[in-house]
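Lettering of chains follows the sequences in order, A, B, ..., and the numbering in each one begins at 1.
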Amino acid sequence: MALIKLQAVRKIYEVGTETVRALDGVDLEIQRGGYVAIMGASGSGKSTLMNVVGCLDRPTTGSYVLNGTAVEELSDDELAAVRNREIGFVFQTFNLLARTKALANVELPLTYAGVSRKERRERAADALERVGLADRMNHQTNELSGGQRQRVAVARALVNNPSILLADEPTGNLDSATSNEIMALFDKLHLTGNTVLLVTHEPDIAEHSHRQIVLHDGKLVEDRKTPR
Amino acid sequence: MIVTENFRIALRALWANKMRSMLTTLGIIIGVAAVIGVVSIVQGLQVLLTRQFEGLGANFMIVQPRQQFSGPGMVQKPVRLTWDDGLAIRDAVAGIDMITPQMFGSSQAKYRDRAHGTFVIGVNQDWPEVHDFSVEIGRFFNKVDLDRRQKVAVVGLDVVDELRLGNPIGKEMTLGTLPVTIVGVMEKKGQSLGQNLDDLVFVPFETALGIFGRRAAEQVQLRLRTTSTNNVDQVREEIRQLLRRRHQIVGDDPDDFQIIVQDEILEQTTQLLGTVTFVVAGIVGIALLVGGIGIMNIMLVSVTERTREIGIRKSVGARRQDILLQFLIEAVTLSLLGGAIGLALGYGIGRLATNLIPGDLPPAVVPLWAIALAFGFSTAVGVFFGIYPASKAARLDPIDALRYE
Ligand SMILES: Nc1ncnc2c1ncn2[C@@H]1O[C@H](COP(=O)(O)OP(=O)(O)O)[C@@H](O)[C@H]1O
Ligand SMILES: [Mg+2]
């Protein structure tokens, strides 16, 4: 069974008199352990797709089954629980809590999962170690470089052992050397069994994946294996 | 998510904006400080007054002259209340146990080379029993002393000290120019309503006239005790009728005297203090309202400022109730902080006031109910004014919140 299964997913925005079809009938299946890059021009619907897959947003029509659960039937609070358990999100702009320690940021998903303070501390420290930030745990996020911040974000995404890691242009705000470090991290996480879904418009970043999907005006126009 | 976790988040958020948090809670601080300050002073006064008058007993009564306020051009009738009135009352009104005149004035007391400004009080032999005072050394003057107009005196302990009288019994001192022989020393009584009860010289009523002059006899106080606490009202009314006849007050003309009983004093003071408390409660209500609106305002600002934070929290799994609780607890913490500071401040004000007011006011009393009330009100204000901003935060759409610039 596919981990992610989208069928005829549409996301339509009404802006004034105009109708924007951010997603226009997307069918997509992703298996557990996949490493998929979503590509396409700016405004083609990549982020919208990620938000739907990450249960941050609901499709206007169509069905989405995640790990056997029909997501469109869930309440807002149930969606929150799914985000907490199943999804690890990494954003282009990091989205960390400012003036807050790296460790506390990584603990956040565990806090809402109701994990005890002691266990939270241990698991967050462990996740930070896995992204190579063992020596920066007690730094405030604004004391960290862009690459370090994104590592904290990755640690936060994986701390609750989610089914999928979603990354929306995770290297978009980073220089190329730092981008390579972050991509090496995703490669490693994929190798250790994680499902990774990654938005990018840079071909050499997409090279890291095993499968590339191209969106154009909200439609899936290409779905190919990454050539080796 | 558990409350303690939210409490830590709230404290951190408030600490990050120390100045703003402080200013926001000002309304609550002022409100609670006013409550506690006034309550502590009022409670102190009440304790004091109750103690003061309860000691005298319910069958105690004071009759004193009352000057009438008259309109312009009206002839002022001289107000008189004499010991003759007192004797008439004693003879005509049934149910009076004891009655004494009381004349009061300051005088210079001298013994050898020592002089001391003190208060002289002219009374008869029944005064100590009427007032529940007793003599420590020697004796009080008796009927014989009064009838013979003996120049005797009973002194308070402070007078003994000031004049270095040693064992004062039998010693002769002068009051003004009048030499008197000391026959007794009163027991220690301390302060009462700003009056030092140990700095008094008691002399027979007729003897006091020799010090204050004959005219002083036209305005005396009468102090009496009825035979029972049940006949107070009846005695009072009979005295009133008798004095109106004797003073030739007719028709609707007001009394030129005043009869005060203990119950009334207590009732009046309690009423007055109640009014004060009521007025203050009104002011406090307004202060708390203003404080609450301040909290709501700042919480709305905080929710807007932290829209992104809310988005982040939601994206990692925070439910509506988690966000609601977070901001609600922040609002309540804010107002409770104000309550706690206000409590300390109010207590300080109460203490300061009781220290500044002369006389022996008891220390500021902050009753437990006032503390509970202060915190209860703060919590209620926090919840009431915090719920709207918090629910606004909780309802935010995660995508919109994350996109918020
Ligand atoms: N909240 C919104 N309201 C209206 N239009 C939106 C909204 N979000 C996205 N869109 C539109 O949907 C389209 C797809 O956006 P997006 O998924 O962000 O593109 P990408 O990430 O590929 O650049 C764009 O045309 C964008 O303007
Ligand atoms: Mg995008």
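We find that Glu5(B) and Arg120(A) are joined by a salt bridge, their nearest charged nitrogen and carboxylate oxygen being less than 4.0 Å apart.
Residue Glu14(A) qualifies as enclosed at atom CD: its count of foreign heavy atoms under 6.0 Å is above 12. Counting heavy atoms of neighbouring residues, nucleotides and ligands inside a 6.0 Å radius, atom CZ of Arg8(B) exceeds 12 of them. When the shell of 6.0 Å around CZ of Phe375(B) is examined, it contains more than 12 heavy atoms from other residues, nucleotides or ligands. Shown here is His216(A), whose NE2 atom has no more than 12 heavy atoms of other residues, nucleotides or ligands within 6.0 Å. Applying the 6.0 Å contact sphere to NZ of Lys118(A) captures no more than 12 heavy atoms from other residues, nucleotides or ligands. Within a 6.0 Å sphere centred on OH of Tyr35(A), other residues, nucleotides and ligands contribute more than 12 heavy atoms.
Taking CD1 of Ile399(B) as the reference point, atom OG of Ser47(A) lies at 8.5 Å (rounded to 0.5 Å). To the nearest 0.5 Å, the span separating OG1 on Thr111(A) from CG on Asp322(B) amounts to 10.0 Å. The CZ atom of Arg319(B) lies 11.5 Å from the CZ atom of Arg83(A); values are rounded to the nearest 0.5 Å.
Side-chain contact annotation: Arg308(B) with Thr93(A), donor-acceptor N/O pair under 3.5 Å present.
Closest approach of Ala318(B) and Ala80(A) over heavy atoms only: O-CB, 3.7 Å.
For Asp77(A), the parts lying near chain B are the backbone and the side chain together; criterion is any non-hydrogen pair under 4.5 Å. Contacts between Arg156(A) and chain B at a heavy-atom distance below 4.5 Å involve the side chain alone, from C-beta outward. Residue contact with chain B, scored on non-hydrogen atoms closer than 4.5 Å, involves the backbone of Leu96(A) exclusively. When heavy atoms are compared at a cutoff of 4.5 Å, Arg395(B) does not approach chain A at all.
When side chains are defined from C-beta on, Lys314(B) does not count as touching Leu56(A), because their heavy atoms never get closer than 4.5 Å. Counting only heavy atoms from C-beta outward, the side chains of Phe91(A) and Ile312(B) never approach each other to under 4.5 Å.
Options Asn95(A), Leu108(A), Asn160(A) differ in how many heavy-atom pairs under 4.5 Å they form with chain B, and the most are formed by Asn95(A). Considering only heavy-atom pairs separated by less than 4.5 Å from chain A, the leading option among Glu309(B), Arg320(B), Arg306(B) is Arg320(B).
In this structure, Asn84(A) contributes its side chain and Val316(B) its backbone to a donor-acceptor pair below 3.5 Å.
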